[in-house]
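The block underneath contains the structure these notes are about, expressed in structure tokens.
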Amino acid sequence: MKLDIRYFAWLRERVGTAAEQVETEAATVADLIAELRARDEGYAYAFSDTGAIRAAVDHELVEFDAALSGAREVAFFPPMTGG
Amino acid sequence: MKLDIRYFAWLRERVGTAAEQVETEAATVADLIAELRARDEGYAYAFSDTGAIRAAVDHELVEFDAALSGAREVAFFPPMTGG
Amino acid sequence: MPAPVRVQQAPFDMGAELNAFAATVPGAGAVVSFSGITRDLADGTLEVMEIEHYPGMTEAALSAIRDEAIARFGLTDAMILHRYGPLKAADPIMMVATAARHRADAFAGAEFLMDYLKSRAPFWKKEVTAKGAAWVAARDEDEDALARWSRGG
Amino acid sequence: MPAPVRVQQAPFDMGAELNAFAATVPGAGAVVSFSGITRDLADGTLEVMEIEHYPGMTEAALSAIRDEAIARFGLTDAMILHRYGPLKAADPIMMVATAARHRADAFAGAEFLMDYLKSRAPFWKKEVTAKGAAWVAARDEDEDALARWSRGG
């Protein structure tokens with residue numbers, strides 16, 4: 001399936017792009033992270049501390065075991081600091 | 001000693017005056033209440049439920065056992081309802 | 001700069017008060033305001049809400065409550081404004097505002113001000129309808145609300 | 001009437017926002033506002049605070065938080081406004097306001113909104129000085145503050 005991926009804050013800076021489209025068969029967010037991390041050193045570094053990363057699927061915060069079936073957009077970012 | 005006494009809210013309405021000056025030897029607020037209550041039926045009624053009455057001496061909330069020596073103004077009123 | 005404690009009969013503009021307060025709190029990251037508004041009776045018959053107070057004691061009590069809140073929560077600043085006299089439904093009655101570096105202190109300071117002001121500042125409300133007038137009774141909840149500030153300092 | 005959830009780059013006037021909000025909450029006796037203000041660094045060197053957000057998700061998250069607060073505390077109404085883009089020290093960043101019949105719900109609703117918004121709305125802050133830029137780290141206290149809302153319902 002095709003997935004739009006978006007990156008924010010220091011995760012965006014580390015992977016070097018704000019958005020990309022990937023072709024993937026990842027079943028869960030965790031699977032997708034493993035795929036991305038295997039790409040190159042930049043991605044491996046960006047995703048090295050998954051405790052400091054949050055994920056959203058189609059604008060909804062999810063845990064890493066969330067399924068990707070039917071998903072259109074996945075986003076990765078550090079813990080939020082609004083307010 | 002001479003004391004200015006002030007009444008507020010329904011206590012004022014029941015005693016029928018907002019302020020008066022009294023000559024008293026009352027040692028405490030409780031003594032003063034006893035003196036006032038003994039005056040007439042209106043005062044007796046006004047001070048019948050002392051649990052519903054608060055007192056201030058010289059603008060400071062006090063308990064009924066507070067001493068009156070040196071006091072200039074004593075005020076009686078129901079529980080406050082500001083805000 | 002308006003005085004930090006005001007007791008007045010005149011109406012006030014809560015937005016203008018908030019802006020004036022927020023303009024004078026350098027270094028604060030959090031500003032909280034509370035505004036109390038005259039509520040109509042359940043059956044919509046309120047003609048006037050009369051607010052009586054004790055001139056002299058009122059100002060002293062509000063100043064003491066403000067000083068205590070600033071010291072206790074390390075507030076950058078705090079203000080209290082309270083009206084008296086005849087009010088109509090939907091009229092603003094009073095307002096407090098607090099400023100602090102962080103939000104927890106600004107919120108706690110404002111709640112502390114309100115809890116003390118409700119039960120310790122000499123104001124009394126009387127609801128007047130076509131059928132007569134009745135003094136508003138103090139609520140047990142308001143007295144209970146004070147108790148939380150003596151726990152744990 | 002302004003939209004109850006707004007995400008914008010433009011500055012806002014917190015006093016005007018408070019007045020506009022308070023004008024539309026009939027029956028409420030209590031209105032609480034919280035305004036967040038950009039704080040300078042301890043050594044006064046902040047040049048810009050950059051706020052990044054996730055368009056689309058931000059609005060959805062804020063709307064969901066607002067709906068939850070209204071339902072949970074029986075609020076008359078609630079509003080949330082949050083800026084993004086480059087801000088300077090002392091610039092207002094964001095604001096929430098709540099209205100309820102009684103003060104306890106208005107305060108709790110505003111604190112709930114702030115606690116959720118801090119850790120659950122997709123905003124990220126970056127502090128820029130002459131020496132470089134640093135992303136603001138999430139504070140453990142902010143995550144802890146969320147926990148209180150799951151106790152006791």
Side-chain angles (χ1 to χ4, degrees), chain C residues 12-42 44 49 76 89-115 117-118 125 139 141-142 144-145 148, chain D residues 12-42 44 49 76 89-115 117-118 125 139 141-142 144-145 148:
Chain C
F12 65 93
D13 177 326
M14 66 177 83
E17 293 292 339
L18 176 60
N19 280 344
F21 178 75
T24 61
V25 291
V31 174
V32 169
S33 77
F34 177 92
S35 304
I37 296 165
T38 310
R39 281 192 300 129
D40 205 337
L41 297 169
M49 170 87 84
T76 312
D91 282 352
I93 302 175
M94 52 77 58
M95 175 171 180
V96 305
T98 56
R101 284 179 63 79
H102 296 293
R103 75 186 187 285
D105 290 323
F107 272 121
E111 292 186 65
F112 177 92
L113 287 177
M114 286 307 304
D115 286 346
L117 195 155
K118 277 266 172 189
K125 295 193 183 109
R139 303 192 316 157
E141 302 96 287
D142 287 332
D144 295 346
R148 61 176 160 158
Chain D
F12 65 94
D13 177 326
M14 67 177 82
E17 293 293 339
L18 177 60
N19 280 343
F21 178 75
T24 62
V25 291
V31 174
V32 168
S33 77
F34 176 93
S35 303
I37 296 166
T38 310
R39 281 192 301 128
D40 204 338
L41 297 170
M49 170 87 85
T76 311
D91 282 351
I93 302 175
M94 53 75 60
M95 175 171 182
V96 305
T98 56
R101 285 179 64 78
H102 297 292
R103 75 185 187 285
D105 290 324
F107 272 122
E111 292 186 64
F112 177 93
L113 288 176
M114 286 306 304
D115 286 347
L117 194 155
K118 276 268 172 190
K125 294 192 183 110
R139 304 192 314 158
E141 302 97 288
D142 287 332
D144 295 347
R148 61 176 159 158

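Within every chain, numbering begins at 1; the chains are lettered A, B, ... in the order of the sequence lines, protein sequences first and strands thereafter.
Interface remark: of the candidates D:Met14, D:Glu141, D:Met95, D:Glu17, D:Met14 forms the most heavy-atom pairs closer than 4.5 Å to chain C. Your options are C:Asn19, C:Asp13, C:Asp40, and the one with the most heavy-atom pairs under 4.5 Å with chain D is C:Asn19. Ranked by non-hydrogen atom pairs under 4.5 Å with chain D, the options C:Val31, C:Asp115, C:Leu18 are led by C:Val31.
Both the backbone and the side chain of C:Ala110 come within contact range of chain D, judged by heavy atoms closer than 4.5 Å. Contacts of C:Ala28 with chain D are made by backbone atoms alone, with heavy-atom separations under 4.5 Å and no side-chain atom involved.
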Please test D:Asp142 against C:His102 for side chain to side chain contact (heavy atoms under 4.5 Å, CB included), starting from the C-alpha separation and ending with a verdict.
CA-CA 11 Å; D:Asp142 287 332; C:His102 296 293; over 6 Å; no
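Pairing each heavy atom of D:Ala145 with each of C:Arg103, the nearest pair is CB-NH2, 4.0 Å.
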